[in-house]
*Asks:* 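There's a structure below that I have some questions on.
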Amino acid sequence: MSKNIAIIGSGISGLSTAFFLKKFGNDKITVIESNKISGGVIETKLSSKYKFETGPNTLSVSDSRVMDMFNELNLKIKYPNPLAKNRFVLKNKTIIRVPDSFLSFLKTKLFSFKTKIKILFEFFNKSKPVKKVESVYDFFNRRFNKEFVEYAINPFIAGTYSGNPKNLSIKHVFPLLFNLEEKYGSIFKGFFKKNKNKYKIKRTILSFDNGLYDLISSLSIELKENIILNSRVIKIGFEKNKFNIEYLSDQKITNMQFDKVVLTVPFHKIKDIQFDMELTNKIKGLSEVYYPPIKMVTLSFKDNGNKEKFNGYGILIPEIEKMNILGVLYLSSMFNDSAPKDETLITVFVGGSRQPSLAKLDDKKIEKLILDDLKVIYGFNVEPEFITTRFWPHSIPQYDLDYSKKIDLMRSIETDCPGLLFNGNFINGISLENNILNSLEIAKNI
Ligand SMILES: Cc1cc2nc3c(=O)[nH]c(=O)nc-3n(C[C@H](O)[C@H](O)[C@H](O)COP(=O)(O)OP(=O)(O)OC[C@H]3O[C@@H](n4cnc5c(N)ncnc54)[C@H](O)[C@@H]3O)c2cc1C
């Protein structure tokens, strides 16, 4: 008999959990969402001229089960232009293309000859972690070298986690690489020897016809009977193997009982929910996870002969370059329909754990900093036709050096309240693909 299941939060984690549960035959699902619309941090902006995202921009997919889900939802997948395979990093204020083949690796100016040798000979590197908990920085510094960390890992972590490799745990941020080293003594050796995941497909970047929100719209239609919007969960009680959930909508409190609860509320909001007394300290521990602030500035400008400078996916700026911006996404180069033909549309990222205070500056100050940096990088004055900002006070959970303790806390709460399960970007990876795969596992095992 199917269980009565509550899913709290209707971001991608909540909706995809509900989708898979329904697919596996469970129809007693209630998704409770505090906002007026579903989607969590997924937000697509559509106007007569521009199409862009103010949250996640693209999905990177390498698992056939995720593609199957999109096909089941009849989503119209949109692939970026082939040029989007070009990614760039700034080095000594020069734009350098990230190598994507062995030949381009040998030729690249991104790394010195010494670093290239270090990378090629990683196979023979017998070093072992010195500390019990190793940071992303220390891991790559040990297996490769400082230049590799500074010009590859540091910008990559800023662009994905809004984070700093010195503060993040290799075990939680790159579990595959951590395990390969542990098992085979080398990352490259591990890649050659490990068993192939049967769901693995060639990694591809994608969005949907009208942006990422299409995914949310399709899931919402599929689950229209199951979602309660505008209802903030304020209390979760656990008694006699049943969960009592209290939520507030339009100043009215409602109580519902469930057999199981899947909690997808981000940890920076979890302390707003009242739990049984015994759990209060553990929940407090989870609420300490750091989500750095970030500001995304989307702007468009007339090409004036500069179009080719923005051909690709985007550029990342290493910390050592001492700029204000973390990176730039080349939206109109990725997707032709995102801006008029004679304009270039880009999104610039500022802040993160590298410079959290910058993200909090007012829009006018940020705009000035950005335009100054763009001038240094691209060599001309960008004159925006259109500009808009989106501030995320709490962007992405940082899997810090203490993260194993946070995982232990989650597991211990799940043991205290059998039937309560955590699911969200605070566990097993932050990407949308990770979130969908986590949800699939939860739905299978619930
Ligand atoms: C700015 C930004 C850019 C990103 N870029 C990318 C990218 O390009 N590619 C990629 O793969 N990933 C990206 N990510 C990561 C990815 O978007 C997230 O990991 C993912 O969307 C998180 O989904 P979620 O459902 O776990 O959480 P959320 O989207 O945060 O959803 C949680 C939901 O819970 C609801 N909620 C909270 N409290 C309550 C309550 N008390 N009661 C009821 N409901 C509640 C919220 O309203 C929300 O709808 C980005 C993230 C951010 C913030």
Side-chain angles (χ1 to χ4, degrees), residues 2-48 51-61 63-79 204-233 245 247 249-250 254 256 258 260-266 335 337-338 423-425 431-444 446:
S2 43
K3 300 264 185 215
N4 204 358
I5 303 171
I7 297 170
I8 307 182
S10 72
I12 189 62
S13 301
L15 291 181
S16 44
T17 308
F19 169 81
F20 289 120
L21 279 169
K22 211 167 172 178
K23 183 177 156 176
F24 300 149
N26 195 322
D27 51 3
K28 291 195 201 153
I29 314 157
T30 308
V31 183
I32 310 173
E33 166 59 50
S34 57
N35 275 342
K36 290 194 177 73
I37 55 167
S38 292
V41 300
I42 298 181
E43 301 177 342
T44 305
K45 300 286 172 211
L46 302 173
S47 75
S48 56
K51 199 185 267 188
F52 59 95
E53 310 285 341
T54 49
N57 262 272
T58 49
L59 254 148
S60 169
V61 180
D63 191 295
S64 59
R65 292 167 295 178
V66 176
M67 286 308 241
D68 292 345
M69 174 190 179
F70 298 158
N71 291 331
E72 282 163 45
L73 287 166
N74 285 321
L75 280 158
K76 215 167 148 198
I77 293 175
K78 184 167 76 172
Y79 294 99
T204 169
I205 300 284
L206 58 87
S207 181
F208 306 104
D209 201 24
N210 276 308
L212 288 182
Y213 204 82
D214 276 3
L215 171 59
I216 300 301
S217 304
S218 297
L219 284 166
S220 303
I221 293 170
E222 197 73 16
L223 299 162
K224 62 177 180 299
E225 321 273 274
N226 308 85
I227 305 176
I228 309 177
L229 294 172
N230 201 16
S231 300
R232 185 164 63 83
V233 170
I245 292 197
Y247 63 85
S249 33
D250 295 329
T254 306
M256 283 178 89
F258 296 93
K260 305 232 172 199
V261 173
V262 181
L263 197 56
T264 76
V265 171
F335 299 114
D337 62 350
S338 62
N423 181 26
N425 63 0
S431 75
L432 294 166
E433 178 171 62
N434 294 143
N435 303 151
I436 293 170
L437 291 172
N438 273 342
S439 305
L440 173 62
E441 283 311 307
I442 295 245
K444 265 200 233 157
I446 209 160

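This structure is a prediction, so every number in the text was calculated from the model and none was measured.
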*Asks:* Output the distance between atom OG1 (T17) and atom CG (N423), rounded to the nearest 0.5 Å.
*Replies:*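 Reported to 0.5 Å precision, the distance equals 4.0 Å.
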*Asks:* Kindly indicate whether the side chain of N71, heavy atoms from C-beta on, has any atom under 4.5 Å from the side chain of M69.
*Replies:*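 A side-chain contact under 4.5 Å is absent here.
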*Asks:* Measure the shortest side-chain to side-chain distance between F70 and L59 over non-hydrogen atoms and say whether it is less than 4.5 angstrom.
*Replies:*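 Side chain of F70 against side chain of L59, heavy atoms only: contact under 4.5 Å found.
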*Asks:* Report yes if some heavy atom in the side chain of K444 is under 4.5 Å from a heavy atom in the side chain of F24; otherwise report no.
*Replies:*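 Answer yes - side chains close enough.
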*Asks:* Answer yes or no: is there a side-chain heavy-atom contact under 4.5 Å between K28 and I5?
*Replies:*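 Contact flag for K28/I5 side chains = no.
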*Asks:* Side chains of D214 and S217: do they bring a donor and an acceptor to under 3.5 Å?
*Replies:*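 S217 and D214 do not have a side-chain donor-acceptor pair below 3.5 Å.
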*Asks:* Between atom CG of L229 and atom OG of S10, what is the distance when rounded to the nearest 0.5 Å?
*Replies:*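 Between L229 CG and S10 OG, I get 6.0 Å after rounding to 0.5 Å.
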*Asks:* When you look at N4 and K260, which way does the side-chain hydrogen bond (donor to acceptor under 3.5 Å, both in side chains) test go after all the steps?
*Replies:* CA-CA 7 Å; N4 204 358; K260 305 232 172 199; over 6 Å; no
*Asks:* Could you state the interatomic distance from OG (S38) to CG (L15), rounded to the nearest 0.5 Å?
*Replies:*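 Spacing of OG (S38) from CG (L15) equals 5.0 Å.
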*Asks:* Once side-chain hydrogen bond (donor to acceptor under 3.5 Å, both in side chains) is applied, do any residues pair with K23, and if so which ones, sequence neighbours excluded?
*Replies:*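 E72.
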*Asks:* Is any NZ, NE, NH1 or NH2 atom of the basic residue among D337 and K78 found under 4.0 Å from an Asp or Glu carboxylate oxygen of the other?
*Replies:*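 Yes, this pair counts.
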*Asks:* State yes or no: are the ring centers of Y213 and F208 separated by less than 6.0 Å?
*Replies:*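 No, ring centres 6.0 Å or more apart.
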*Asks:* Sub-3.5 Å donor-acceptor pair from the side chain of S338 to the main-chain atoms of F335, do we have one?
*Replies:*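 Looks like yes, one N/O pair under 3.5 Å.
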*Asks:* Looking at I245, T264, V31, which hits side chain to side chain contact (heavy atoms under 4.5 Å, CB included) with I8?
*Replies:*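 It is I245, the one option of I245, T264, V31 that forms the side chain to side chain contact (heavy atoms under 4.5 Å, CB included) with I8.
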*Asks:* Which heavy atom in I205 sits nearest to a heavy atom in S60, and how many Å separate them?
*Replies:*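 Minimum heavy-atom contact is CD1-CB, 3.9 Å.
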*Asks:* Say whether, by atom type as modelled, one donor and one acceptor occur between the side chain of K22 and the main chain of E222 under 3.5 angstrom.
*Replies:*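 It does hold such a pair.
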*Asks:* For K76, check side chain to side chain contact (heavy atoms under 4.5 Å, CB included) against everything at least two apart and list the hits.
*Replies:*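 Residues passing side chain to side chain contact (heavy atoms under 4.5 Å, CB included) with K76: D209.
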*Asks:* Quick one: pull up OH in Y79 and CG in L206 and give me the separation to the nearest 0.5 Å.
*Replies:*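 Going from the OH atom of Y79 to the CG atom of L206 covers 6.0 Å.
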*Asks:* Would you say E433's side chain and V61's backbone share a donor-acceptor pair under 3.5 angstrom?
*Replies:*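 No; zero donor-acceptor contacts below 3.5 Å.
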*Asks:* Could you pull out all residues at least two apart from E53 that satisfy side chain to side chain contact (heavy atoms under 4.5 Å, CB included)?
*Replies:*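 E53 satisfies side chain to side chain contact (heavy atoms under 4.5 Å, CB included) with T44, N57, S207, L212 once adjacent residues are dropped.
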*Asks:* Please determine, by modelled atom types, if S13 and N425 share a side-chain donor-acceptor pair under 3.5 angstrom.
*Replies:*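 Absent: no donor and acceptor within the cut-off.
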*Asks:* How far does CZ of F20 sit from CG of L437, to the nearest 0.5 angstrom?
*Replies:*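 Here the interatomic distance stands at 7.5 Å.
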